[in-house]
Amino acid sequence: MSTTDTGTGVPTITGRSRDQIAQRLAEDLQDGYTVNLGVGIPLAVPHHVPPGREVFLQSENGILGLGPAPEPGAEDPDLTNAGKQPASMIPGGAIVDSATSFAIIRGGHLDVTILGALQVSESADLSNWYVPGRNPAVGGAMDLVAGTPQVWVCMEHVDRGGRPKLVRECTFPLTGRGVVTRVYTDLAVFHVRGGRLTLVECAPGITPEDVRLRTEAAYDEAIGR
């Protein structure tokens with residue numbers, strides 16, 4: 001555990017790595033799910049789908065049945081994920097055009113979408129597409145959160161300056177209001193129950209007090225339930 005102080009006055013601590021966040025989330029994917037993956041940490045999810053569990057991962061650039069990154073030397077330059085990284089496909093996967101890909105998204109055919117986030121509010125609002133003053137992200141995040149019943153977020157618990165990303169109200173432009181259903185961070189797992197964030201799990205070596213100190217949003221606690 002690191003104790004390097006940040007500009008916020010709150011010591012930094014080390015929980016799960018970005019890859020481990022994706023691994024923890026992948027454990028909760030259910031057999032038979034069809035799941036969209038956003039860019040960032042979500043792109044590591046294909047490496048961690050539990051063996052024997054059939055999950056169809058969708059990439060909005062037109063892949064249904066996304067697999068792990070190919071071995072070095074086996075990359076296909078025409079096959080990339082939404083983050084433009086080399087990708088593979090699982091048996092039974094399909095490549096579709098953009099119209100069909102967004103029809104899958106907008107038509108309500110996904111079980112879960114997994115997105116990164118800049119901020120999540122205590123009332124489950126999501127901001128993930130634009131930091132004022134920088135170039136906005138281009139993609140279908142608004143379509144995804146509007147058309148998918150479960151929106152799971154994976155992100156670091158605090159930003160590079162040590163400021164909480166789970167906040168009372170989002171200060172960045174919203175992607176969707178009240179759309180987030182779960183949050184996986186390096187420190188903890190939250191479910192949204194009755195419109196409120198609920199802490200259900202702390203990462204190994206992390207205590208509820210560690211989480212509380214680094215979270216601005218109000219939340220309930222139901223660890224182990």
Side-chain angles (χ1 to χ4, degrees), residues 18 21-69 79-85 87-121 123-130 137-155 170 174-185 189-193 195 197 200:
R18 290 168 62 88
I21 297 172
Q23 182 177 22
R24 172 62 191 87
L25 182 150
E27 293 173 2
D28 287 346
L29 294 174
Q30 299 298 302
D31 201 41
Y33 270 3
T34 301
V35 180
N36 173 273
L37 298 180
V39 299
I41 297 174
L43 293 178
V45 170
H47 299 275
H48 301 294
V49 176
R53 197 169 302 176
E54 187 177 72
V55 177
F56 270 82
L57 301 174
Q58 192 244 8
S59 180
E60 66 186 44
N61 61 328
I63 300 174
L64 183 61
L66 192 68
L79 185 60
T80 63
N81 60 29
K84 300 180 181 179
Q85 300 168 340
S88 68
M89 295 177 64
I90 64 172
I95 294 175
V96 301
D97 59 24
S98 292
T100 302
S101 182
F102 275 85
I104 293 170
I105 294 168
R106 293 168 177 162
H109 302 293
L110 298 171
D111 296 292
V112 180
T113 185
I114 302 171
L115 298 171
L118 298 167
Q119 293 175 324
V120 175
S121 81
S123 54
D125 302 336
L126 171 65
S127 294
N128 81 337
W129 68 280
Y130 183 39
V138 178
M142 286 77 166
D143 290 302
L144 284 161
V145 301
T148 310
Q150 299 186 71
V151 177
W152 295 2
V153 166
C154 49
M155 64 180 190
C170 294
L174 289 182
T175 307
R177 191 177 295 281
V179 296
V180 176
T181 56
R182 294 188 183 187
V183 181
Y184 297 80
T185 79
V189 178
F190 291 81
H191 290 183
V192 176
R193 297 174 177 171
L197 286 172
V200 299

Which distance, rounded to the nearest 0.5 Å, do you find between the [atom1] of [X] and the [atom2] of [Y]?
| X | Y | atom1 | atom2 | value |
| --- | --- | --- | --- | --- |
| His109 | Thr148 | NE2 | OG1 | 11.0 Å |
| Leu66 | Ile95 | CG | CD1 | 10.5 Å |
| His48 | Arg53 | NE2 | CZ | 13.5 Å |
| Leu115 | Thr175 | CG | OG1 | 8.0 Å |
| Asn61 | Leu79 | CG | CG | 8.5 Å |
| Leu174 | Trp129 | CG | CH2 | 10.0 Å |

Given side-chain contact (heavy atoms from CB on, under 4.5 Å), test Leu126 with Val153 step by step and report yes or no.
CA-CA 9 Å; Leu126 171 65; Val153 166; 4.0 Å; yes
Could you tell me whether the side chain of [Y] reaches within less than 4.5 Å of the side chain of [X], counting heavy atoms only?
| X | Y | result |
| --- | --- | --- |
| Val49 | Leu57 | yes |
| Leu29 | Ile114 | yes |
| Val151 | Leu144 | no |
| Ile105 | Leu110 | yes |

Verdict with reasoning, Leu118 to Tyr130, per side-chain contact (heavy atoms from CB on, under 4.5 Å)
CA-CA 8 Å; Leu118 298 167; Tyr130 183 39; 5.8 Å; no
Can you run down the side chain to side chain donor-acceptor pair (under 3.5 Å) pairs that involve residues 29-38, sequence neighbours left out, and say none if there aren't any?
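Sorted pair list: Tyr33-Gln150, Asn36-Gln58, Asn36-Thr113.
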Donor-acceptor pair, [X] side chain versus [Y] backbone, under 3.5 Å?
| X | Y | answer |
| --- | --- | --- |
| Ser59 | Ala82 | yes |
| Ser88 | Pro68 | yes |
| Ser101 | Glu60 | yes |

Pairs flagged by salt bridge (charged side-chain N to carboxylate O under 4.0 Å, His left out) wherever residues 174-184 is involved - sequence neighbours left out
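Matches after skipping sequence neighbours: Asp28-Arg182, Asp125-Arg177.
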According to the salt bridge (charged side-chain N to carboxylate O under 4.0 Å, His left out) rule, which pairs have a member within residues 92-116, sequence neighbours left out?
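Matches after skipping sequence neighbours: Arg106-Asp143.
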Before giving the answer on side-chain contact (heavy atoms from CB on, under 4.5 Å), spell out for Met155 and Val120 the whole-Å C-alpha distance, their side-chain angles and the decisive distance to 0.1 Å.
CA-CA 10 Å; Met155 64 180 190; Val120 175; 4.2 Å; yes
Might you confirm whether atom CD of Glu27 has over 12 heavy atoms from other residues, nucleotides or ligands at distances under 6.0 Å?
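Yes.
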Return the minimal non-hydrogen interatomic distance between Pro42 and Pro46, and the atom names on each side.
O-CD, 3.9 Å
